[in-house]
> 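Quick one: this structure, given as C-alpha cells, is what I'll be asking you about.
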Amino acid sequence: MGEFASVGPAGGVPEGTIAGYTVGSRRIAIARAEGRLFAFDDLCTHAMCSLADGELEGATVLCPCHYGQFDLATGAVIDGPPPGPIRVFPVREIDGEIQVGT
C-alpha cells in the first residue's frame, strides 16, 4: 500500500464542495460529491485553470475557465476542450482527517 499524507480536517470539504491543497509540490483538489471523497490534480489539462475553483455536477467537475468537464472517479474528459484526463489519487477519511495517497 502506498503512503498517505494528511491534508486537513474532514470538515474542510463539506458535501458538494471542492477545496485545494498542496501535497508535496503538487496542487491537489479534493471534492465531496454523492457522499464520496475524490482527490485529483487541481489543474485543468487545457489551460491550467484551478479545478478547485470549478463547480460540481454530481461526480463531475466543471472547469471555471472553458467549461471542460472531468469524471472525478477516473479523471476522464467528459466534455469540452481539455486534451487529456486529469490524474486521480486515492483518498480516505480517518479519525476526522482527509488523507491523500502520494
Side-chain angles (χ1 to χ4, degrees):
M1 182 192 241
E3 298 283 324
F4 279 81
S6 290
V7 295
V13 187
E15 180 68 26
T17 67
I18 310 170
Y21 297 93
T22 301
V23 178
S25 62
R26 183 181 287 274
R27 285 291 298 164
I28 302 287
I30 297 177
R32 190 181 302 267
E34 299 180 345
R36 294 180 50 197
L37 283 173
F38 299 92
F40 48 95
D41 270 332
D42 184 30
L43 298 179
C44 177
T45 57
H46 174 243
M48 301 304 160
C49 295
S50 172
L51 295 174
D53 293 334
E55 294 182 29
L56 290 176
E57 294 179 357
T60 299
V61 63
L62 179 66
C63 180
C65 292
H66 302 104
Y67 309 110
Q69 296 178 32
F70 297 93
D71 180 296
L72 294 179
T74 67
V77 176
I78 295 172
D79 195 18
I86 53 173
R87 185 171 173 197
V88 296
F89 302 91
V91 61
R92 64 188 185 187
E93 188 176 327
I94 295 183
D95 297 329
E97 289 285 316
I98 295 174
Q99 298 179 348
V100 176
T102 57

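Please read all numbers here as calculations on a predicted model, not as lab measurements. Hydrogens, waters and symmetry mates are skipped; everything else that's a heavy atom, side chains included, is used.
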> Hey, are the side chains of L62 and L56 touching, using non-hydrogen atoms and a 4.5 Å cut-off?
no
> Please report the closest heavy-atom contact between A59 and F38, naming both atoms and the distance.
CB-CZ, 4.0 Å
> Any heavy-atom pair between the side chains of F40 and R87 that's under 4.5 Å?
no
> How long is the span from the OH atom in Y67 to the NE2 atom in H46, to the nearest 0.5 Å?
13.0 Å
> Taking D71 for the side chain and A73 for the main chain, is one N or O donor matched with an acceptor at less than 3.5 Å?
yes
> Is R26 salt-bridged to D41, going by a charged N under 4.0 Å from an acidic O?
yes
> Measure from the side-chain N and O atoms of Q69 to the backbone N and O of V61, and report whether any donor-acceptor pair falls under 3.5 Å.
no
> Provide the closest heavy-atom pair for D42 versus A52 in the form atom of the first, atom of the second, distance.
OD1-N, 2.8 Å
> For the residue pair P85 and V77, what are the closest heavy atoms and their distance?
N-CG2, 3.9 Å
> Quick one: closest heavy-atom pair of F70 and G84, and the distance?
CE2-O, 3.5 Å
> Could you go through the side-chain contact (heavy atoms from CB on, under 4.5 Å) check for Y21 and V13 one step at a time?
CA-CA 11 Å; Y21 297 93; V13 187; 3.4 Å; yes
> Do V91 and F89 land in one hydrophobic cluster if side-chain heavy atoms of ILVMFWY residues count as linked below 4.5 Å?
yes
> Hey, what do you get for C49 versus C44: SG atoms under 2.5 Å apart or not?
no
> Kindly indicate whether the side chain of I78, heavy atoms from C-beta on, has any atom under 4.5 Å from the side chain of T60.
yes
> Please report the shortest heavy-atom distance between G58 and A33, naming the atom on each side.
O-CB, 3.2 Å
> Can you tell me if S6 uses its side chain to pair, donor with acceptor, with the backbone of G8 under 3.5 Å?
no
> Any side-chain heavy atom of V7 sitting closer than 4.5 Å to one from I28?
no
> Is a side-chain donor or acceptor of T102 paired with a backbone partner of E3 at a separation under 3.5 angstrom?
yes
> Return the minimal non-hydrogen interatomic distance between P14 and G11, and the atom names on each side.
CD-O, 3.7 Å
> Less than 4.5 Å apart, side chain to side chain, heavy atoms only: is that true for E93 and R32?
yes
> Heavy atoms, side chains only, cut-off 4.5 Å: are L72 and V88 in contact?
no
> If you round to the nearest 0.5 Å, how far is SG of C65 from CE of M48?
11.5 Å
> Among V100, I18, T17, find the one that has a side-chain contact (heavy atoms from CB on, under 4.5 Å) with I30.
V100
